> 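Mind looking over this structure? Questions follow.
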Amino acid sequence: MTWAERWALLVEWAPQLLEGALLTLELVGIAVIVGLFFAIPLGLARASRHWYIRAFPYTYIFFFRGTPLLLQLFLVYYGLSQFEAVRDSMFWPFLREPYWCALIIMTLHTAAYIAEILRGAVQAVPPGEVEAARALGMSRRQALQFIIMPRAIRIGLPAYGNEVILMLKASAVVYTITLMDIMGVVRTINSRTYQFEMFFLVAGLIYLVVTILFTQLFKLVERWLKVEASRKR
Amino acid sequence: MTPPALEVRNLHKRYGDLEVLKGVDLVARDGDVISILGSSGSGKSTLLRCINLLENPHAGQILVAGEEMKLKPSRDGALVATDSKQINRLRARVGFVFQSFNLWPHMSILDNIIEAPRRVLGHSKADAIAAAELFLEKVGIADKRHAFPAQLSGGQQQRAAIARTLAMQPQVILFDEPTSALDPEMVQEVLNVIRALAEEGRTMLLVTHEMGFARHVSNQVVFLHQGQVEEIGTPEEVFDRPGSERCKQFMSSHR
């Protein structure tokens, strides 16, 4: 196959590839943002002094970190439909859609990791800075809201950025439940064109470009939050 | 008679089996500057940290302007606040300056100073900033208001931390070895600020190793030894005519 032919193939399939990339971006983007909101109470509860508050997030995180994303995906997509109660419930219109299954599981999965990042960040806030807040008369709540959380966000931000990129790559498993993400589209193209090596390479390039995108985005956020300036010497 | 600004009665504190404070009494009247001296391990810092409940004492009473902190024993035997609202209110009136500054590194110096007046005292941002500018002026770092703590020298950071404490208009300020984490050339600038505060007539408790400074700035000196007040009196009494053998030894080795 000549370069010209390859190029023609690429142009021919470009719209599908773009759609695949957009679906991947959409799934990952929503999962890591909604996951962050779930992770905030989880991570804070995980850092609690009381065991009965720690118990739920501990179990949750244990399950979602301890099993593969692919397995979780299959459990929801193939498993839940076995239960009549689920099929009869108001959630069924969502749970029977692979898109929603993937989105829900990716969100819950990444929330577990983000919660751990958050717990680590909260516990990494120097105790002296919290003491300073309390010594000035701030309540426990105020110290958490005005000092600990803003500080923990800056401490945890690089690890969160890392988690987003890990989720981007982990999202490649959603093609197994028929979603046309980057991997799904490329496999479809391959079965039509038999140009495996070319389109797998193209898939790799798309993932790299999206990674660069995310990296730059996080650089901007770090600059906006003045993470560098707030680093201790 | 107005009650003393700060009073500590029979304060006990232990870490496990180690008794760090064995019944300390202390009274600070308005305008008193009390230096607390003693060798390391004598319980000076612990005493200061117990006063605003950064550490939980095991027995004793703490009174701020005559109001007693409501304390109750916890499961491990230490006294904890019964009424957290009261403790927060009293803490807001007792300033604390840390050895390691403990500025919040993610905020500018100005934001460090206005945070507590806004959140705790409910001051408006404009009022808090106006007040903060004055305190920054007073400690001599007005030009650093928009800098971040990491961009400041240790001495400047400690002065910013003092301004942060002053912004709460405390009745008493506790200084916990405010110059011990500083390079030698920065000690003086911080001591000058503390001296100026003393001359204003502020009530202060000062744990320090700067003997010459303690002598000049304070009207009362307390010598702690093994968790007890071994000697208390005017600087002349404690420095020049110490009664106890321990205090004599300490003074002669710290000239």
Side-chain angles (χ1 to χ4, degrees), chain A residues 40 43-44 48-54 117-118 120-161 218-233, chain B residues 48-49 51-55 64 81 84-109 111-122 146-154 157 160-161 164-170 173-174 176 181:
Chain A
I40 290 171
L44 288 181
S48 168
R49 293 174 301 159
H50 307 290
W51 69 267
Y52 47 89
I53 298 180
R54 283 197 309 264
I117 290 170
L118 204 59
V122 165
Q123 289 174 344
V125 176
E129 291 172 25
V130 185
E131 280 184 355
R134 301 304 306 279
L136 287 160
M138 284 193 207
S139 66
R140 214 179 271 282
R141 224 198 98 112
Q142 286 177 316
L144 182 69
Q145 186 181 348
F146 301 123
I147 305 299
I148 300 173
M149 282 306 282
R151 201 61 176 94
I153 285 168
R154 288 163 175 83
I155 293 171
L157 190 63
Y160 177 60
F218 273 92
K219 261 193 193 156
L220 281 180
V221 177
E222 282 193 25
R223 200 174 306 161
W224 175 60
L225 289 175
K226 300 200 167 67
V227 171
E228 195 51 49
S230 60
R231 232 161 242 156
K232 273 202 161 174
R233 276 181 307 184
Chain B
L48 228 53
R49 290 171 59 82
I51 290 175
N52 73 348
L53 243 52
L54 287 178
E55 304 276 350
V64 180
S84 57
K85 282 213 174 80
Q86 187 215 18
I87 295 303
N88 293 337
R89 186 163 49 76
L90 292 184
R91 274 173 168 164
R93 291 159 63 184
V94 178
F96 199 100
V97 175
F98 297 86
Q99 180 177 347
S100 48
F101 334 132
N102 291 340
L103 292 171
W104 301 307
H106 61 290
M107 297 182 185
S108 73
I109 295 302
D111 287 338
N112 262 277
I113 295 171
I114 66 173
E115 189 72 10
R118 288 182 65 200
R119 308 301 184 193
V120 178
L121 304 177
H146 297 305
F148 279 74
Q151 297 163 330
L152 267 55
S153 73
Q157 287 189 53
R164 179 174 68 174
T165 301
L166 290 176
M168 292 297 286
Q169 309 277 18
I173 308 177
L174 315 177
D176 184 12

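Note that the structure is a prediction, hence the values are computed from the model and not measured. Quick note on labels: first sequence line is chain A, next is B, and so on, each numbered from 1.
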> Show the numbers, then the answer: is there a side-chain contact (heavy atoms from CB on, under 4.5 Å) between A:Arg134 and B:Leu53?
CA-CA 9 Å; A:Arg134 301 304 306 279; B:Leu53 243 52; over 6 Å; no
> According to salt bridge (Lys or Arg N to Asp or Glu O under 4.0 Å), who are the partners of B:Arg89, at least two apart in sequence or on a separate chain?
B:Glu67
> Considering non-hydrogen atoms only, spot the tightest contact between B:Pro149 and B:Met107 and give its length.
CD-O, 3.1 Å
> If you take all heavy atoms of A:Ala135 and B:Phe96, which pair is closest and at what distance?
CB-CB, 4.0 Å
> Counting only non-hydrogen atoms closer than 4.5 Å, does B:Arg164 touch chain A with its backbone (N, CA, C, O), its side chain (CB onward), both, or neither?
both
> Please classify the contact between A:Gln142 and chain B as side chain, backbone, both or neither, with a heavy-atom cut-off of under 4.5 Å.
side chain
> Let me know if B:Val94 has heavy atoms under 4.5 Å from chain A in its side chain, its backbone, both or neither.
backbone
> Would you mind checking which part of A:Arg154 comes under 4.5 Å of any heavy atom in chain B, side chain (CB onward), backbone (N, CA, C, O), both or neither?
side chain
